[in-house]
Enquirer: 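First, the structure itself, so that you have it in front of you.
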Amino acid sequence: TTFFKKNLQMDLCPVFQGLASSLVAYKRESTKDKQKDCEHQLDLVLTHSSNGRQLSANSKNRIMADDVIMCGVTSLIEKRSQPCHLIHKALMVLSYLTSDKDILQYLCTRSPLMAKLARFLENSTDPLYKSCLLQALKLLQQITYMLTVACPNGCIEDILDYSVHTTLSENSAENKIASLEIISNLSYTNISVQAYLKGLSNANALNRMLIYNMKDESLAVIILSLSILSSL
């Protein structure tokens, strides 16, 4: 049992040091070679995450102490010129990092993570971003489930606006469910978020849609819609 726990909690500091170095190099000079190295370092992190290895205390401290990792990975998702597969890997690494509550709290306090994700949603009409949209929404599902928002600031409002718009207009069932869960997570026992949602110009349309969702074939849609209605 002790061996198993040690195996799951390996010190990944060298991996994150390599990632930090490649991010710095890629930011200075966005060449194909630098991009390739950056992808390789992202892949190393993802290999460890796919093996179910939890972050050790040393690795967590390394991540939280390194602004290169904090800001570097998030910066990969905001550039329009970024290749889609690189954005995809950056989102996967962010999902891995934010699965740890301590790192998530630190990321949201010290780096513009939520603001950059909000900007990503705004740019999702661009074909470059559209294939990664569901991945970004699922990342926000994870973050909003784990994170307590005291009151909606600019980027949280943008995320709520986008999620409401998607709920009202999205044909994709997966995108709709993800958006409903984001609204549900943010509005649960949060009076400030509830007040913001009630004050939206399309609040009545949202309420009608949530009631209409009671007839939906998806149990997830019904449960999430009930959750939001109970909050509003």
Enquirer: Quick check against the 3.5 Å criterion: does D158 have a side-chain atom that pairs as donor or acceptor with the backbone of R119?
Expert: no
Enquirer: I156 vs T144, test: side-chain contact (heavy atoms from CB on, under 4.5 Å). Steps then yes/no.
Expert: CA-CA 10 Å; I156 297 296; T144 54; 6.0 Å; no
Enquirer: Crowded around K198 NZ? As in, over 12 foreign heavy atoms under 6.0 Å?
Expert: yes
Enquirer: Once rounded to the nearest 0.5 Å, what's the spacing between atom CD of Q17 and atom CD of Q41?
Expert: 10.5 Å
Enquirer: For the residue pair F120 and I87, establish whether any side-chain heavy-atom pair is separated by less than 4.5 Å.
Expert: yes
Enquirer: What closest approach, in Å, do Q141 and N185 show between heavy atoms, and which atom pair accounts for it?
Expert: O-ND2, 3.2 Å
Enquirer: Are any non-hydrogen side-chain atoms of T47 and V15 less than 4.5 angstrom apart?
Expert: no
Enquirer: Would you say the side chain of K34 lies within less than 4.5 Å of the side chain of K27, judging by non-hydrogen atoms?
Expert: no
Enquirer: With no hydrogens and no angle check, is any side-chain donor or acceptor of S163 less than 3.5 Å from a backbone partner on I159?
Expert: yes
Enquirer: What pairs of residues pass the side-chain hydrogen bond (donor to acceptor under 3.5 Å, both in side chains) test when at least one of them lies in residues 200-212, not counting sequence neighbours?
Expert: none
Enquirer: Are any of the side-chain heavy atoms of L134 and S172 separated by less than 4.5 Å?
Expert: no
Enquirer: Please report the shortest heavy-atom distance between L23 and C38, naming the atom on each side.
Expert: CD2-SG, 3.8 Å
Enquirer: Would you say that L140 contacts M114 through its side chain, given a criterion of any heavy-atom pair below 4.5 Å between the two side chains?
Expert: yes
Enquirer: Closer than 3.5 angstrom, by distance alone: can the side chain of S22 be matched with the main-chain N or O of L19 as a donor-acceptor pair?
Expert: yes
Enquirer: Which heavy atom in Y196 sits nearest to a heavy atom in D161, and how many Å separate them?
Expert: OH-OD1, 2.8 Å
Enquirer: Are any non-hydrogen side-chain atoms of Q142 and T98 less than 4.5 angstrom apart?
Expert: yes
Enquirer: Between the main-chain N or O of I183 and the side-chain N or O of S187, is there a donor-acceptor pair closer than 3.5 Å?
Expert: yes
Enquirer: Nearest 0.5 Å, please: how far is OG in S192 from CG in L186?
Expert: 11.5 Å
Enquirer: To the closest 0.5 Å, what do you measure between CG (L210) and CD1 (I228)?
Expert: 5.0 Å
Enquirer: Once rounded to the nearest 0.5 Å, what's the spacing between atom CG of D33 and atom OH of Y26?
Expert: 11.5 Å
Enquirer: Treat each ILVMFWY residue as a node, draw an edge where side-chain heavy atoms are under 4.5 Å apart, and state whether V93 and M146 are in one component.
Expert: yes
Enquirer: Quick check for you: to the nearest 0.5 Å, what is the distance between L86 atom CG and K36 atom NZ?
Expert: 14.0 Å
Enquirer: Please check if the side chain of S227 supplies one atom and the backbone of I223 the other of a donor-acceptor pair under 3.5 Å.
Expert: no
Enquirer: Any chance you could measure D216, atom CG, to L180, atom CG, to the nearest 0.5 Å?
Expert: 9.0 Å
Enquirer: Could you report the tightest heavy-atom contact between L197 and A203, atom names first, then the distance?
Expert: O-CB, 3.5 Å
Enquirer: Using side-chain heavy atoms (C-beta onward) and a distance below 4.5 Å, is K176 in contact with N213?
Expert: yes
